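Okay, so here's the structure we're looking at.
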Amino acid sequence: MMRCMYLAGLLMIGQLQAEPLSQQQLEAEATKRMQSFAGELQSTLMNAIQAGGLEAGVEVCSAQAPEIAKKYSKDGWQLSRTSLKTRNPSNRADAMEKDALMGFVDKMAQGHQLTSLSFTSYNVETQQFVLIKPIGTQAVCLSCHGNAIDPKLHDKIKLLYPEDTATGFSLGDLRGAFVVRYQGVAEQ
Ligand code: HEC
């Protein structure tokens, strides 16, 4: 009897996995993945700055940020960051991301709180899903993305990122966004 129930349980799990995920399930999973990604990025950056100062922060950020994104991009999910003003050109916004970012700028101009904003896109047939959440500019970000970057640090940034446009931000500005994509059933 016990064995029978165990088997029934296994079969049910099998079935559940084959079921398409609902938009709510995708949104919940995307949010969870985004929070882990954001948490690891932030702690890696803060640890590097504490251990070796801002210049070490730049080095660690440039080496680790793409690696951390890669680490969380599996099982059909893809995580990245983008902005209307990027430091790394490979983070440049595509058409959908640009629309989302410009939507956030409009909403913020209308007085909406950045933390209340998000953009989602879901294709019922292919199950392709995208969640885009704005990233604000905090005080700690200004040393590398603000108006008065230390000249030595700025030289280092320009050396690593000759196409850098991610400066001149002020506290509370929209710095960019996290992008979480689920590639859906078609390509898996
Ligand atoms: C020590 C310097 C430093 C600090 C402090 C810093 N960043 Fe960055 N930031 C970088 C570097 C370097 C990159 C490029 C990383 C890469 O190659 O993907 C970057 C890239 C980004 C990107 C990806 C889009 C782009 O411009 O390429 C976002 C978004 C971002 N930073 C937001 C922030 C936020 C928000 C904070 C504050 C919480 C912050 N950064 C603090 C150095 C820094």
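This one's a predicted model, so the numbers in the text were calculated from it and none came from an experiment. Remember, it's 1-based here, ligands and their atoms both numbered in the order they're listed.
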Nearest to atom 5 (C) of ligand 1 by heavy atom, Ile149, Ile157, Val140: which?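 Answer by nearest heavy atom: Val140.
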Compare Asn91, Asn88, Leu160 and give the one whose heavy atom is closest to atom 23 (C) of ligand 1.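 Among Asn91, Asn88, Leu160, the closest heavy atom to atom 23 (C) of ligand 1 comes from Asn91.
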State whether the shortest distance between N or O atoms of Tyr161 and N or O atoms of ligand 1 falls below 3.5 angstrom.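 The answer is yes, given that Tyr161 and ligand 1 share an N or O pair closer than 3.5 Å.
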Among protein atoms, how many N/O/S atoms lie less than 2.8 Å from atom 8 (Fe) of ligand 1?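 My tally for this metal is 1.
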Please walk me through it: do Leu79 and Lys71 pass side chain to side chain contact (heavy atoms under 4.5 Å, CB included)? CA-CA 9 Å; Leu79 282 96; Lys71 182 173 139 188; over 6 Å; no
Only distances under 3.5 Å count here; give the side-chain donor-acceptor pairs of residues 144-152 to other protein atoms, sequence neighbours excluded, each with its distance to 0.1 Å.
| from | atom 1 | to | atom 2 | distance (Å) |
| --- | --- | --- | --- | --- |
| His145 | ND1 | Ala166 | O | 2.9 |
| His145 | ND1 | Arg175 | NE | 3.4 |
| Asp150 | OD2 | Lys152 | N | 3.1 |
| Asp150 | OD2 | Leu153 | N | 3.1 |
| Lys152 | NZ | Glu55 | OE2 | 3.4 |

Could you pull out every donor-acceptor pair under 3.5 Å between side chains of residues 101-114 and any protein atom, sequence neighbours left out?
none

Would you say Thr82's side chain and Asn91's backbone share a donor-acceptor pair under 3.5 angstrom?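 It does hold such a pair.
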Does Gln127 use its side chain to pair, donor to acceptor, with the backbone of Leu21 at less than 3.5 Å?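 Pair found, side chain donor or acceptor close to backbone of Leu21.
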For ligand 1, which atoms sit closer than 4.0 Å to a heavy atom of [X]?
X: Arg81; result: 20 (C), 21 (C), 22 (C), 23 (C), 28 (C), 30 (C), 31 (N), 32 (C)
X: Gly136; result: 35 (C)
X: Gly57; result: 1 (C)
X: Leu54; result: 1 (C)

Would you kindly confirm whether Phe37 and Val180 end up in one hydrophobic cluster when ILVMFWY residues are joined by side chain heavy atoms under 4.5 Å apart?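 In one cluster with Phe37: Val180, yes.
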Can you get from Tyr72 to Leu26 by hopping between Ile, Leu, Val, Met, Phe, Trp and Tyr side chains that sit under 4.5 Å apart?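 Same cluster.
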Should Phe178 be listed as contacting ligand 1, given a heavy-atom distance under 4.0 Å as the test?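 Flag not set, Phe178 not near ligand 1.
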Going by heavy atoms, is Val58 under 4.0 Å from ligand 1?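 It does, in that a heavy atom of Val58 comes within the 4.0 Å cut-off of ligand 1.
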Where does Ile135 meet ligand 1, judged by heavy-atom distances below 4.0 Å: at the side chain, the backbone, both, or neither?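 Answer for Ile135: side chain.
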When you check the side-chain N and O atoms of Asn88 and Thr86, is any donor under 3.5 Å from an acceptor?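 No - no donor-acceptor pair under 3.5 Å links their side chains.
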Keeping to residues at least two apart or across chains, list the side chain to side chain donor-acceptor pair (under 3.5 Å) pairs with something in residues 155-174.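 Sorted pair list: Glu59-Lys156, Arg87-Asp164, Arg92-Glu163.
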Salt bridge (charged side-chain N to carboxylate O under 4.0 Å, His left out) with Glu97: which of Arg81, Lys133, Arg181?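 By the salt bridge (charged side-chain N to carboxylate O under 4.0 Å, His left out) criterion, Glu97 pairs with just one of Arg81, Lys133, Arg181: Arg181.
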Under the side chain to side chain contact (heavy atoms under 4.5 Å, CB included) rule, what do Phe119 and Leu131 come out as? Steps first, then yes or no, please. CA-CA 6 Å; Phe119 169 98; Leu131 170 70; over 6 Å; no
